[in-house]
Amino acid sequence: RQASRARVPTMTWTALFVCAIGLASWATTGAARLNVLMIAVDDLRPSGAAFAHEEILVPNIDKLASRGTTFTEAFVQAATCGVSRSSLLTSRRPDSTYVLNNGQCPFKTAPSHASWQSIPEYFRASGYTTAGMGKIFHPDTCDGAAVGERASAWSQPYYHAPCISLGSIYNGTCYEQYPGPLPAGPGGKVTSIYSNTSADATDDTMPDGMIAATAVDKIRQLASSASDSPFFLAVGFHKPHLPHIAPAKYFDLYPIDDIALPSNASRYDSEGAPDIAWNGCSEMKSYKDVSTDFRADGFSRVNPVGDAVAKKQRQAYYAAASFTDAQIGKVLDALDANNLTSTTVIALWGDHGWHLGENNEWAKHTAKTWANRAPLIFVAPSQANPGSTTAAYAEFVDIMPTLVDLAGLDALDFCATVQMSQTSPNCTEGRSLKGVVMGEPTAPSATAAFSQWPVGKNMGYNIFTTTLDGSRVRYTEWVGYDSKTHTPVWTTSVGVELYNHTADPNENLNIAAHPALASEVARLSGLLHKGWRN
């Protein structure tokens, strides 16, 4: 039976045809289907008590974690916004989406991709009311930001706050359109940091505050019609993406003298790492104030920035994260106030990690763990283990099949072949985490996670896994990349990395060349080459 048919529960062919264009009601199979609230946070690294990073105050994320299951070893498929979101929203990896930069649309990179169903599209085709706001897809890559990039995904009009590219003043294109106090830096240019101290500056004057307010209103609307059809609501927040802008009260949470720095060894690039592995922080240095500060401190691969600059940037990131956490709290409170929590699956994710000086890196755009490990939390009604934390490996391609399973829809087929990945409208290259989320004692868990990062004509392929002695590691091979077939050229090696996260969690020392580890390196190389399908 064709894979595309296997995804759709019993319905007439007429209903199937109409549903495909989003105009028909779902013909139910009798099973209760749950609502879904998906919260996306741009550039949020694992933060708060749930992830053992209490230095960043995110009480609402912590509260959400206390209701659900937190994955501490969850990895994106690439550490940049557009590539990661294209992957997780289609449940296919970059070598399948052909999206390797932020300017590409996964539905346009090959003719067969046009029929792919993203997460909201699958729910819409299953009879859900689908609504979105803020940054879900990367903006201005597919059908346009005004329609939420994938027009067929949304049954209700999409909402964007002003200055949608980054959710704040970024360049002159939206300067006059922004309704709140302007965070102008030297010469009218925006800085990487802005503590909004204006008397009339509040959460509501920030784009993310507007997104939260719109989400609260939308939840009220959906509550009144929830009995007619379930809903899928996607809420995407922009902060703590650069520039780190937040009302002053969030900066006040973090006195500059109290800001801790990474350990001295962790402030330098990993010892023994190949040259290709260091990014150089181009995103951060695109801001004038950062460029000036880094240049004054003599920043280079072998020389990190000084304490004052590092503390200033870390403080601003923390403040922006706390600001967004407050907006998340408003959305979750609205769900509670409208008596929807008991019938709603909740997922919260950040689209990749973030360096705050670790490995002498700032921002993302690396193959390193700080850029690839990201927050992931699921909450399901009636789960047996609320407040649980798991170190089971998870990948962001797992988000779609997990939401589908938790909501009570037909499970997605696994993309068993390259051809299926390219042609099936809705197969998955991940796997459902439902068993782990629900606390099933015999639930299977993955033995590895995979990610990749392009540099020039080469690609860094990561496997995060466990060695024979039980140590958790990241093993990376930098190899050539065939851009025509979208496959690695394993015979063209540019560098190898191996880090023992159990003994060296901050990846200070590359041990790939250690003679005593030769057999283990060979084993890990074999696992990496076999890939995620195996």
Side-chain angles (χ1 to χ4, degrees), residues 38-77 79 84 88 237 239-241 244 250 253-254 259-263 266 314-315 317-329 332 346-359 361 363-364 366 368-380 383 385-396 398-399 402 433 436-437 439 445-446 449 451 462 464 466 472 474 499 501-502 504-507:
M38 186 177 77
I39 301 173
V41 187
D42 210 358
D43 288 12
L44 181 70
R45 73 193 227 157
S47 302
F51 294 96
H53 287 288
E54 294 89 345
E55 69 276 11
I56 304 179
L57 303 176
V58 286
N60 294 292
I61 293 177
D62 287 342
K63 182 179 178 181
L64 181 68
S66 73
R67 298 177 174 182
T69 302
T70 300
F71 288 80
T72 60
E73 293 293 319
F75 295 90
V76 299
Q77 272 47 74
S84 176
L88 76 90
F237 293 107
K239 295 301 158 197
H241 195 295
H244 302 319
Y250 296 102
L253 294 172
Y254 304 101
I259 300 296
L261 296 171
S263 65
S266 299
R314 288 169 76 91
Q315 178 199 42
Y317 181 90
Y318 294 177
S322 293
F323 161 66
T324 291
D325 177 77
Q327 312 320 304
I328 292 170
L332 297 176
I346 305 172
L348 181 144
W349 47 264
D351 56 358
H352 44 70
W354 190 263
H355 291 271
L356 286 170
E358 299 92 356
N359 311 126
E361 297 276 13
K364 61 257 192 187
T366 76
K368 302 175 190 292
T369 297
W370 278 108
N372 286 269
R373 183 191 285 130
L376 180 63
I377 299 172
F378 288 101
V379 178
Q383 68 181 89
N385 56 341
S388 63
T389 297
T390 177
Y393 290 108
E395 301 179 282
F396 272 43
D398 299 337
I399 292 174
T402 303
L433 302 171
V436 179
V437 172
S445 60
S451 70
N462 288 331
F464 301 89
T466 305
R472 289 180 176 256
R474 168 171 71 91
Y499 302 95
H501 287 169
T502 303
D504 179 21
N506 286 318
E507 302 185 344

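Numbers here simply count residues along the sequence, with the first being 1.
Atoms OG1 and OH, on T72 and Y393 in that order, are 10.0 Å from each other to the nearest 0.5 Å. Of the inter-residue distances, the one linking I39 atom CD1 with I377 atom CD1 reads 9.5 Å to the nearest 0.5 angstrom. Taking CZ from F237 and CG from D42, the interatomic distance works out to 12.0 Å, rounded to the nearest 0.5 Å. The line from CD of E507 to CH2 of W370 is 10.0 Å long, rounded to the nearest 0.5 Å.
Using a distance-only test at 3.5 Å, with no hydrogens or angles considered, no donor-acceptor pair links the side chain of Q315 to the main chain of I259. The closest donor-acceptor contact from the side chain of T502 to the backbone of R472 lies under 3.5 Å. T324 places a side-chain N or O within 3.5 Å of a backbone atom of K239 that can act as its donor or acceptor partner. Side-chain atoms of N359 come within 3.5 Å of backbone atoms of N506 as a donor-acceptor pair (strictly under, hydrogens ignored). Looking at Q77, its side chain does come within 3.5 Å of a backbone N or O of F396 through a donor-acceptor pair. Put simply, the side chain of S322 never gets that close to the backbone of V58: no donor and acceptor are under 3.5 Å apart. In this structure a side-chain-to-backbone donor-acceptor pair under 3.5 Å is present from D62 to A49.
Side-chain atoms of V379 and P386, non-hydrogen and from C-beta on, never get closer than 4.5 Å to each other. At least one side-chain heavy atom of F71 sits less than 4.5 Å from a side-chain heavy atom of L433. Looking only at side-chain heavy atoms (C-beta outward), H244 and R314 stay at 4.5 Å or farther from each other. By the 4.5 Å heavy-atom criterion applied to side chains, L253 and Y318 are not counted as neighbours. Annotation: side chain of I56 is not in contact with side chain of F51 (no heavy-atom distance under 4.5 Å). Side-chain contact between Y250 and D325 is absent, with no heavy atoms from C-beta onward closer than 4.5 Å. By the 4.5 Å heavy-atom criterion applied to side chains, L64 and I328 are not counted as neighbours.
Of all heavy-atom pairs between Y317 and D43, the closest is OH-O, 2.7 Å. Closest non-hydrogen pair, S451 versus N372, comes out as OG-OD1, 3.2 Å. In plain terms, the two heavy atoms of A79 and K364 that are nearest each other are O-CG, 3.2 Å. Across all non-hydrogen atoms, the minimal contact from A319 to Y254 is N-CE1, 3.8 Å. For the pair G439 and N385, the tightest heavy-atom approach, listed with the atom from each and the gap, is CA-ND2, 3.4 Å. Smallest separation of non-hydrogen atoms from L376 and A74: CB-CB, 3.8 Å.
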Apply side-chain contact (heavy atoms from CB on, under 4.5 Å) to I346 and L332, showing your working. CA-CA 9 Å; I346 305 172; L332 297 176; 4.2 Å; yes

Show your working on side-chain contact (heavy atoms from CB on, under 4.5 Å) between H501 and F464 and close with a plain yes or no. CA-CA 10 Å; H501 287 169; F464 301 89; 4.2 Å; yes

Could you walk me through whether V76 and W349 pass the side-chain contact (heavy atoms from CB on, under 4.5 Å) check? CA-CA 10 Å; V76 299; W349 47 264; over 6 Å; no

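With R373 as the fixed residue, the side-chain contact (heavy atoms from CB on, under 4.5 Å) test singles out one of H352, R474, R45, E73: E73.
With no hydrogens or angles considered, a side-chain donor-acceptor pair links T69 and S388 at under 3.5 Å.
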